[in-house]
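Here is the structure we will look at.
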Amino acid sequence: MKKNKNNLIPLYRRIILKISGEVLKDSYEYGIDLTLLNRIVKEIKSLMELGIEVGIVVGGGNLIRGASVKKIGISNITSDYMGMLATIINGLVITDTITNYGMKTYLLSAIAVSSICKQYNVEQAINLLSNQYVAVFSGGIGHPFFTTDTTACLRGIEVKADIILKATKVNGVYSSDPKKHQNAIMYKYIKYQDALIESLGIMDQTALVLARDHNLPICVFNMYKSGALHRIVMGEQEGTLIAT
Ligand code: UDP
């Protein structure tokens, strides 16, 4: 691991960054805000320069959200496959942008789409990360009825990541919706169990249970705050840490 300009060594060796569709579209109604994506990729580059291994799990809600498609009469399973395909589209744009910044990157998908990218397997994922590729994991876990938050925790456990960094549009986990409740407080730290009991809506329960059972910490942070990602990996207080 390399030191940063203040001679400090990063806290984490291998991270999984979860980027949702909601973050990717920013203020757009639909699609990807490329200005924002370029800024995210620049921040990823600064982590790579510190010797941190970066895996990305990408969401798809900016293109297709399973729940919305279900409402218009498409079956659950078809809607979810459409959602998983959307994550592959995002994955293509993310890897393309990462390549533009001179980094090595590789897209894997949990669903076989052999003319686009290789199918996910854990050995290859670990190999890519160990060889300074930004590994982009798309296609969710490859099964309907799951989410990309669960995928992030699952991939994190499989590749033995030190932490999941969940990029959001808010500063962290709040006791209630800060837009609706003026006295909502932001937690700097919350136990898995409390996050599960309080049902704070920041992550689905399957994801939280997986993380809890494998003692994988999650940091929920604001991707729109410049330098937040860097501050987290250097051990500074940023966002909310969900842990034991
Ligand atoms: N999805 C799925 N299985 C998975 C991951 C995702 O069926 O393992 C589907 C689901 O329909 C979901 C959509 O893909 O609504 C997009 O994923 P998600 O909602 O997690 O994306 P995000 O909210 O992070 O943009």
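Counting starts at 1 for both ligands and their atoms, following the listed order. Both backbone and side-chain heavy atoms feed into the values below; hydrogens, waters and symmetry mates do not.
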G140: numbered ligand 1 atoms lying under 4.0 Å from its heavy atoms: 4 (C), 5 (C), 8 (O)
Distance (rounded to the nearest 0.5 Å) between L47 CG and K42 NZ: 14.5 Å
Flag for K18-T148: side-chain donor and acceptor within less than 3.5 Å: yes
Contact with ligand 1 for K18, non-hydrogen, under 4.0 angstrom: yes
Partner of V136 by side-chain contact (heavy atoms from CB on, under 4.5 Å), out of V54, L128, T95: T95
Atoms of ligand 1, numbered as shown, that sit under 4.0 Å from any heavy atom of R65: 19 (O), 23 (O), 25 (O)
Protein contact to atom 13 (C) of ligand 1 [nearest heavy atom, distance to 0.1 Å]: G83 CA, 3.6 Å
Side-chain H-bond candidate by donor/acceptor type, N38 with Y101, under 3.5 Å: yes
Stepwise side chain to side chain donor-acceptor pair (under 3.5 Å) test for E198 and Y187: CA-CA 12 Å; E198 288 193 40; Y187 300 115; 3.0 Å; yes
Protein heavy atom at shortest distance from atom 3 (N) of ligand 1: H143 O, 2.8 Å
Top protein contact for atom 6 (C) of ligand 1, by heavy-atom distance: F146 O, 3.5 Å
Modelled atom types, side-chain donor and acceptor of S75 and T78, under 3.5 Å: yes
Minimum-distance protein heavy atom relative to atom 15 (O) of ligand 1: G66 N, 3.1 Å
Side chain to side chain donor-acceptor pair (under 3.5 Å) between N90 and S138, worked out: CA-CA 8 Å; N90 283 332; S138 66; over 6 Å; no
Part of P144 with heavy atoms under 4.0 Å of ligand 1, whether side chain, backbone, both or neither: backbone
Nitrogen or oxygen of G61 less than 3.5 angstrom from that of ligand 1: yes
Heavy atoms from other residues, nucleotides or ligands near NZ of K169 exceed 12 (cutoff 6.0 Å): yes
Separation between CZ of F221 and CD of E238, rounded to the nearest 0.5 Å: 8.5 Å
Side chain, backbone, both or neither: the part of N62 lying under 4.0 Å from ligand 1 by heavy atom: neither
Per-atom contacts, ligand 1 versus G59 - under 4.0 Å to a heavy atom: 21 (O), 22 (P), 24 (O), 25 (O)
Element-labelled atoms of ligand 1 that are located less than 4.0 Å from some non-hydrogen atom of T151: 8 (O)
E158 CD to E123 CD distance, which is reported to the nearest 0.5 Å: 9.5 Å
Closest to atom 16 (C) of ligand 1 (judged by heavy-atom distance), picking from G60, A110, A67, G21: G60
Element-labelled atoms of ligand 1 that are located less than 4.0 Å from some non-hydrogen atom of I141: 4 (C), 8 (O)
Nitrogen or oxygen atoms of T87 and ligand 1 under 3.5 Å apart: no
Geometric N/O contact T148 with ligand 1, under 3.5 angstrom: yes
Under 3.5 Å side-chain donor-acceptor pair for N131 and N127: yes
Nearest-option assignment for atom 11 (O) of ligand 1, heavy atoms, candidates L24, L63, D80: D80
